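Some notes on the structure that comes next.
Because the structure is a prediction, the values reported are computed rather than measured.
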Amino acid sequence: MEKHRIFVTVKNEPGILAKVSQLFGQFGLNIDALTVDANKKVCTSKMKITLQSEPPLIEHVIQQLSSLADVLQVNVARHAARSSLSAVLSKRGVAFWLVAYSLFITLLGTNIPSPLLALYRAQWHLSVGMVTLLFASYAIVVIPTIILSGQLSDQIGRKNC
């Protein structure tokens, strides 16, 4: 038995999910995972169905699925055995390391001026209290700027319709 992923684009009509699941039940197939995303602009939905079956049976099911009136498109992706390398490079893994790298660069960037404070103190003859105030003022400016920039990017950034 092979694991298959079937992507089905359907008209967003009442009862289509029941028709699709009933079709799989008629062939004695169990759906392992089912995800449905509606597209409100086009009045369609995209189903992602994961199941295990023999290839000849799945071809017959795909043929029957394509013949349903409300089904617009059917695509099949067969699962290959995942290696440990591909598991590490999964979307979540990449996202985690991207966020970790971004945080590291941000923290590094905010601490780069720290060694310069000793130079400023010697060159401008500042007291320890003034150097502390200078460092604190830097943090007082950077933190609200990051917060306001985040809110601003949420308002004028990418729009999801």
Side-chain angles (χ1 to χ4, degrees), residues 1-114 135-136 138-161:
M1 283 189 140
E2 291 182 27
K3 194 168 190 177
H4 302 276
R5 240 190 274 158
I6 304 171
F7 298 94
V8 185
T9 305
V10 296
K11 293 179 187 174
N12 202 357
E13 300 287 333
I16 186 63
L17 181 59
K19 289 178 187 176
V20 170
S21 61
Q22 183 181 13
L23 180 70
F24 285 97
Q26 287 174 351
F27 287 95
L29 295 174
N30 188 31
I31 296 174
D32 295 333
L34 174 68
T35 306
V36 181
D37 292 321
N39 185 350
K40 293 181 180 148
K41 286 184 177 178
V42 191
C43 297
T44 62
S45 293
K46 186 155 190 164
M47 295 181 183
K48 181 172 95 173
I49 304 166
T50 306
L51 58 103
Q52 292 185 1
S53 173
E54 297 297 328
L57 182 59
I58 205 72
E59 294 300 326
H60 191 62
V61 171
I62 298 302
Q63 185 180 17
Q64 291 293 321
L65 194 57
S66 299
S67 67
L68 289 177
D70 292 331
V71 173
L72 303 174
Q73 183 180 12
V74 180
N75 295 322
V76 180
R78 286 164 182 48
H79 278 271
R82 294 188 80 179
S83 65
S84 61
L85 178 61
S86 66
V88 170
L89 296 176
S90 69
K91 289 183 180 180
R92 287 186 180 173
V94 171
F96 170 79
W97 287 110
L98 185 63
V99 169
Y101 175 75
S102 300
L103 219 78
F104 173 76
I105 294 299
T106 302
L107 291 174
L108 180 68
T110 56
N111 288 314
I112 284 177
S114 299
F135 188 72
Y138 175 75
I140 288 171
V141 170
V142 167
I143 292 171
T145 302
I146 290 172
I147 293 170
L148 291 175
S149 297
Q151 291 176 353
L152 185 63
S153 73
D154 287 344
Q155 291 176 0
I156 64 172
R158 180 175 30 177
K159 303 287 184 195
N160 293 334
C161 296

Practice item. Look up atom CG in D70 and atom CG in L17, then write down how far apart they are to the nearest 0.5 Å. Key: 12.0 Å
Exercise for review: Would you check if N39 and K46 make a side-chain contact, meaning some heavy-atom pair closer than 4.5 Å?
Suggested key: no
Practice item. Decide yes or no on side chain to side chain contact (heavy atoms under 4.5 Å, CB included) for L34 and V20, but give the supporting numbers first. Key: CA-CA 11 Å; L34 174 68; V20 170; over 6 Å; no
Review point. If you measure from CD on Q22 to CG on L68, what distance do you get to the nearest 0.5 Å?
Key: 9.5 Å
Point to revise | Gap separating the CG atom of N30 from the OG atom of S21, nearest 0.5 angstrom | key: 11.0 Å
Check your understanding: Is there side-chain contact between M47 and V10, with at least one heavy-atom pair below 4.5 Å?
Key -> yes
Check your understanding: Are I6 and F24 close enough that some pair of their side-chain heavy atoms sits under 4.5 Å apart?
Key -> yes
Study note, to complete from the structure: NZ (K48) and OG1 (T35) are apart, to the nearest 0.5 Å, by 5.0 Å
**Study point:** Polar side chain donor-acceptor pair, N12 to S45, under 3.5 angstrom
**Key:** yes
Check your understanding: Taking only residues two or more places apart in sequence or in another chain, which ones pass side-chain contact (heavy atoms from CB on, under 4.5 Å) with F27?
Key -> L23, L29, L57, H60, V61, Q64
Point to revise | Spacing of CG belonging to L108 relative to CD1 belonging to I112, to within rounding of 0.5 Å | key: 4.5 Å
Check your understanding: Can you check whether S53's main-chain N or O pairs, donor with acceptor, with H4's side chain at less than 3.5 Å?
Key -> yes
**Study point:** Nearest-0.5 Å distance that lies between atom OG1 in T50 and atom CZ in F7
**Key:** 7.5 Å
Review point. Can you tell if the side chain of L51 reaches within under 4.5 Å of the side chain of I58, non-hydrogen atoms only?
Key: yes
Study note, to complete from the structure: Across all chains, not counting sequence neighbours, the side-chain hydrogen bond (donor to acceptor under 3.5 Å, both in side chains) partners of T44 are none
